[in-house]
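Some notes on the structure that comes next.
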Amino acid sequence: MNRAIAQEGAAGIATAVAESVQYQGRKASRQGSEQRRQDILDAAMRIVVRDGVRAVRHRAVAAEAGVPLSATTYYFKDIDDLLTDTFAQYVERSAAFMGKLWANNEGLLREMVAYGDGSPASRSQLADDIARLTADYVQRQLSTRREHLMAEQAFRQEALLNPRLAQLVRSHQQILLHGTCQFFQVLGSREPQQDAKVLTSIIGRMEYQGLLNGAEPLAEEEMLGILTRYMHLVLASV
């Protein structure tokens with residue numbers, strides 16, 4: 001995996017994941033029909049976020065999308081195809097989002113690393129700065145992409161019982177993991193893959209806790225403290 005990242009970069013990996021997504025339902029033959037198919041998938045996602053995966057039914061999706069019931073059964077022969085394609089679309093869009101995010105921030109990270117002189121004080125400051133950036137990322141996810149995170153959690157739970165969804169969930173997890181592994185390579189980590197798995201697990205827990213708390217904001221001080229401690233541990237070993 002590290003070799004692939006070094007050759008393509010995290011943004012390239014995200015693009016590759018997006019391009020690898022396979023849809024199961026019937027393909028649209030005209031532009032107008034493609035829009036209708038898109039409306040159906042968007043409606044299914046709204047139901048997942050609002051009512052959960054088990055609330056996705058052909059009749060409910062048709063009503064949500066404002067299309068005839070026959071339209072949903074035409075494109076998706078069963079609920080499994082509809083759910084799989086709904087999450088496939090989400091993975092595709094998420095990969096594009098993460099690829100753009102990494103492309104926009106990789107240069108900044110390299111500048112931060114290059115600015116230091118390698119001293120313990122410099123590494124300590126870098127750890128503080130990286131922790132702050134990561135905390136800001138989690139807070140933005142919870143404030144601006146809350147519905148996306150809700151969908152992720154719903155599909156991850158359903159994937160435990162659905163092998164096709166499980167494959168998509170694994171692909172989706174790889175997007176953040178690859179980007180984070182590249183992140184640690186830039187920082188000079190000796191074990192970027194292991195460090196990436198730990199950090200993505202921390203971020204995942206924080207996002208889940210932020211969703212669980214609802215309107216109550218995640219304790220910023222606690223979040224920053226955890227991330228700061230972890231980044232100090234990693235950079236102390238570099």
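Just so we're clear, the structure is a prediction, and the values are computed from it rather than from any experiment.
- Counting only heavy atoms from C-beta outward, the side chains of Val49 and His148 never approach each other to under 4.5 Å.
- A salt bridge between Asp42 and Arg93 is present, with a side-chain N of the basic residue lying under 4.0 Å from a carboxylate O of the acidic one.
- The shortest heavy-atom contact between Ile40 and Leu82 is CG2-CD1, 4.0 Å.
- Donor-acceptor pairing under 3.5 Å is lacking for the side chains of His58 and Thr73.
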Q: Quick one: do Glu64 and Arg57 satisfy salt bridge (Lys or Arg N to Asp or Glu O under 4.0 Å)? Show the steps, please.
A: CA-CA 10 Å; Glu64 180 75 21; Arg57 294 289 182 267; over 6 Å; no
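- For Gln38, the CD atom counts as densely surrounded, since its 6.0 Å shell holds more than 12 non-hydrogen atoms of other residues, nucleotides or ligands.
- The cluster map of Ile, Leu, Val, Met, Phe, Trp and Tyr, joined by side-chain heavy atoms under 4.5 Å apart, puts Leu108 and Leu101 in the same cluster.
- When every heavy atom of Thr86 is checked against every heavy atom of Ala44, the shortest pair comes out as OG1-CB, 3.4 Å.
- Classification of the His172-Tyr90 ring pair by plane angle, with boundaries at 30° and 60°, yields tilted.
- Remark: Leu165 CG to Leu160 CG distance equals 10.0 Å, nearest 0.5 Å.
- Remark: Glu111 CD to Asn105 CG distance equals 11.0 Å, nearest 0.5 Å.
- The two residues Ala55 and Ala60 make their nearest non-hydrogen contact at O-CB, 4.0 Å.
- Inter-residue side-chain proximity for Ile130 and Phe183 is flagged as met; some heavy-atom pair is nearer than 4.5 Å.
- Here CZ of Phe184 is found 5.0 Å from CG of Asp195. Values are rounded to the nearest 0.5 Å.
- The environment of CZ in Arg50 is crowded: more than 12 heavy-atom neighbours from other residues, nucleotides or ligands sit within 6.0 Å.
- In plain terms, the two heavy atoms of Gln153 and Leu211 that are nearest each other are CG-CD1, 3.8 Å.
- Taking CD of Glu158 as the reference point, atom OG1 of Thr84 lies at 9.5 Å (rounded to 0.5 Å).
- We find the CG-CE distance between Asp128 and Met231 to be 10.0 Å, quoted to the nearest 0.5 Å.
- Counting only heavy atoms from C-beta outward, the side chains of Val53 and Gln157 never approach each other to under 4.5 Å.
- Between Glu147 and Arg46, no side-chain nitrogen of the basic residue sits less than 4.0 Å from a carboxylate oxygen of the acidic one, so the salt-bridge criterion is not met.
- For the residue pair Asp85 and Gln89, no side-chain donor N or O sits within less than 3.5 Å of a side-chain acceptor on the partner.
- Leu224 and Val198 are assigned to two separate hydrophobic clusters, defined by single-linkage of ILVMFWY side chains at heavy-atom distances under 4.5 Å.
- Contact check for Val56 versus Asp51: no side-chain heavy atoms found under the 4.5 Å cut-off.
- The pair Arg164-Asp81 counts as a salt bridge, with a side-chain nitrogen and a carboxylate oxygen less than 4.0 angstrom apart.
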**Q.** Stepwise side-chain contact (heavy atoms from CB on, under 4.5 Å) check, Leu41 with Phe76
**A.** CA-CA 10 Å; Leu41 292 176; Phe76 309 99; 3.6 Å; yes
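- Side-chain contact check for Leu168 versus Phe155: every heavy-atom pair is 4.5 Å or farther apart.
- Residue Ala151 comes nearest to Met45 through the heavy atom pair CB-SD, 3.4 Å, listed as atom of the first residue, atom of the second, then distance.
- Leu235 places a side-chain heavy atom less than 4.5 Å from the side chain of Leu187.
- No donor-acceptor pair under 3.5 Å is formed between the side chain of Thr72 and the backbone N or O of Pro68.
- Atom CZ of Arg205 is surrounded by 12 or fewer heavy atoms from other residues, nucleotides or ligands within 6.0 Å.
- Listed by chain and residue number, Leu176, Leu177, Thr180 satisfy the side-chain contact (heavy atoms from CB on, under 4.5 Å) test with Thr200 (two or more places apart in sequence, or in another chain).
- Here the closest non-hydrogen pair linking Ala154 and Val48 is CB-CG1, 3.7 Å.
- Taking the ring axis of Phe97 as reference, the NZ or CZ atom of Arg145 stays within 45° of it and closer than 6.0 Å to the ring centre.
- Judged purely by atom type and a 3.5 angstrom limit, Ser124 has no side-chain atom pairing as donor or acceptor with the backbone of Pro120.
- Inter-residue side-chain proximity for Ile203 and Gln141 is flagged as unmet; no heavy-atom pair is nearer than 4.5 Å.
- In this structure, the separation between CD on Gln173 and NE2 on His178 is 11.5 Å, given to the nearest 0.5 Å.
- Applying the 6.0 Å contact sphere to CE of Met150 captures no more than 12 heavy atoms from other residues, nucleotides or ligands.
- Trp102 is listed as a side-chain neighbour of Leu109, based on a closest heavy-atom distance under 4.5 Å.
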